[in-house]
Amino acid sequence: MFKKILPMLLFLCSCGFKPMYRQTPYNNLSDKTAQIAILPVRGFDGAHGVELRNSLLNKLTPYGKPENPTYILEIALSKPNVVDYTIKNDGTASSYLVKMNATYTLKKKSDYSVLLQKSANAEISYNILKNQFSTEMLKNNAIKLTIDDISKQIYFAIITYFTEK
């Protein structure tokens, strides 16, 4: 048993592997992310912005809003762009593709200097069914999945930034 584990441990040590969530005096991610004030999401529609913001609040500041935040996160969310994805032989669409984009900026609150500025993109497809209500439900679910994907991209970009700095 030990003979099988030892080579794996040696490999992990030699490749520069560092656990992202390991608690050290220099890298306490939960303390850093808990100091981020997430501003209301700018964009075309408040409902999707609220959904994105709530998802990020759950990930970054699960213990509540910081009293005296060190960082500010600003996000702008695009309108869902629904395009034909798969075309049948008769020229009609059999599935759609939902595309969304968010641009975000992490700033230091003390001097509003930009620490991180990126964009996140997500695409999810869904089928067109004979029942229009079911198709609309699939569309709404696809939009929620794109928002969730964007939320994860923003979250991982922020924790990667704090891990590297």
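As a basis for the values below, the full set of heavy atoms in this structure was taken, side chains included, without hydrogen atoms, waters or symmetry mates.
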Are any non-hydrogen side-chain atoms of [X] and [Y] less than 4.5 angstrom apart?
{"X": "Tyr104", "Y": "Lys118", "result": "yes"}
{"X": "Leu57", "Y": "Lys65", "result": "no"}
{"X": "Thr146", "Y": "Pro80", "result": "no"}
{"X": "Thr70", "Y": "Lys109", "result": "no"}
{"X": "Leu60", "Y": "Tyr155", "result": "yes"}
{"X": "Ile128", "Y": "Tyr96", "result": "yes"}
{"X": "Thr105", "Y": "Leu73", "result": "no"}
{"X": "Lys107", "Y": "Leu115", "result": "no"}

Any chance you could measure [X], atom [atom1], to [Y], atom [atom2], to the nearest 0.5 Å?
{"X": "Leu106", "Y": "Ile38", "atom1": "CG", "atom2": "CD1", "result": "10.0 Å"}
{"X": "Asn140", "Y": "His48", "atom1": "CG", "atom2": "NE2", "result": "7.5 Å"}
{"X": "Leu129", "Y": "Ser94", "atom1": "CG", "atom2": "OG", "result": "10.5 Å"}
{"X": "Ile154", "Y": "Arg53", "atom1": "CD1", "atom2": "CZ", "result": "12.5 Å"}
{"X": "Ser134", "Y": "Asn127", "atom1": "OG", "atom2": "CG", "result": "12.0 Å"}

Path from Ile124 to Leu138 over hydrophobic side-chain contacts below 4.5 Å: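 As far as the 4.5 Å side-chain criterion goes, Leu138 and Ile124 are not connected within one cluster.
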Transitive ILVMFWY side-chain link Ile159 to Tyr71, under 4.5 Å: yes
Candidate pair Lys139 and Thr135, rule side chain to side chain contact (heavy atoms under 4.5 Å, CB included), full reasoning: CA-CA 6 Å; Lys139 175 184 173 183; Thr135 302; 5.8 Å; no
With sequence neighbours excluded, residues passing side chain to side chain donor-acceptor pair (under 3.5 Å) with Ser55: Lys59, Ser151
Residue pair [X] / [Y]: nearest heavy atoms and the distance that separates them:
{"X": "Leu116", "Y": "Ala157", "result": "CD2-O, 3.9 Å"}
{"X": "Thr33", "Y": "Thr61", "result": "O-CG2, 3.3 Å"}
{"X": "Asp149", "Y": "Asn121", "result": "OD2-O, 4.4 Å"}
{"X": "Ala34", "Y": "Pro66", "result": "O-CB, 3.2 Å"}
{"X": "Gln35", "Y": "Asn68", "result": "OE1-O, 3.1 Å"}

Other cluster members, Tyr63 - Ile/Leu/Val/Met/Phe/Trp/Tyr, side-chain contacts below 4.5 Å: none
Intermediate values then yes/no, side chain to side chain contact (heavy atoms under 4.5 Å, CB included), Leu145 and Ile147: CA-CA 5 Å; Leu145 289 172; Ile147 290 171; over 6 Å; no
Test side chain to side chain contact (heavy atoms under 4.5 Å, CB included) applied to Val41 and Leu56, Val50, Leu77, the passing residue: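 Of the listed residues Leu56, Val50, Leu77, the side chain to side chain contact (heavy atoms under 4.5 Å, CB included) partner of Val41 is Leu77.
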Stepwise side chain to side chain contact (heavy atoms under 4.5 Å, CB included) test for Leu97 and Asp84: CA-CA 6 Å; Leu97 183 68; Asp84 293 346; over 6 Å; no
Trace of the salt bridge (charged side-chain N to carboxylate O under 4.0 Å, His left out) decision for Lys144 with Asp148: CA-CA 6 Å; Lys144 286 182 181 186; Asp148 185 52; over 6 Å; no
Aromatic centroids of Tyr161 and Phe156 separated by under 6.0 Å: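 Between Tyr161 and Phe156, which both carry aromatic rings, the centre distance is not below 6.0 Å.
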Short side-chain to backbone donor-acceptor contact, Ser78 and Asn101, under 3.5 Å: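 Yes; judged by distance alone, with no hydrogens or angles, the pair exists.
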Residue pair Glu123, Val98: steps toward the side chain to side chain contact (heavy atoms under 4.5 Å, CB included) verdict: CA-CA 5 Å; Glu123 297 178 348; Val98 176; over 6 Å; no
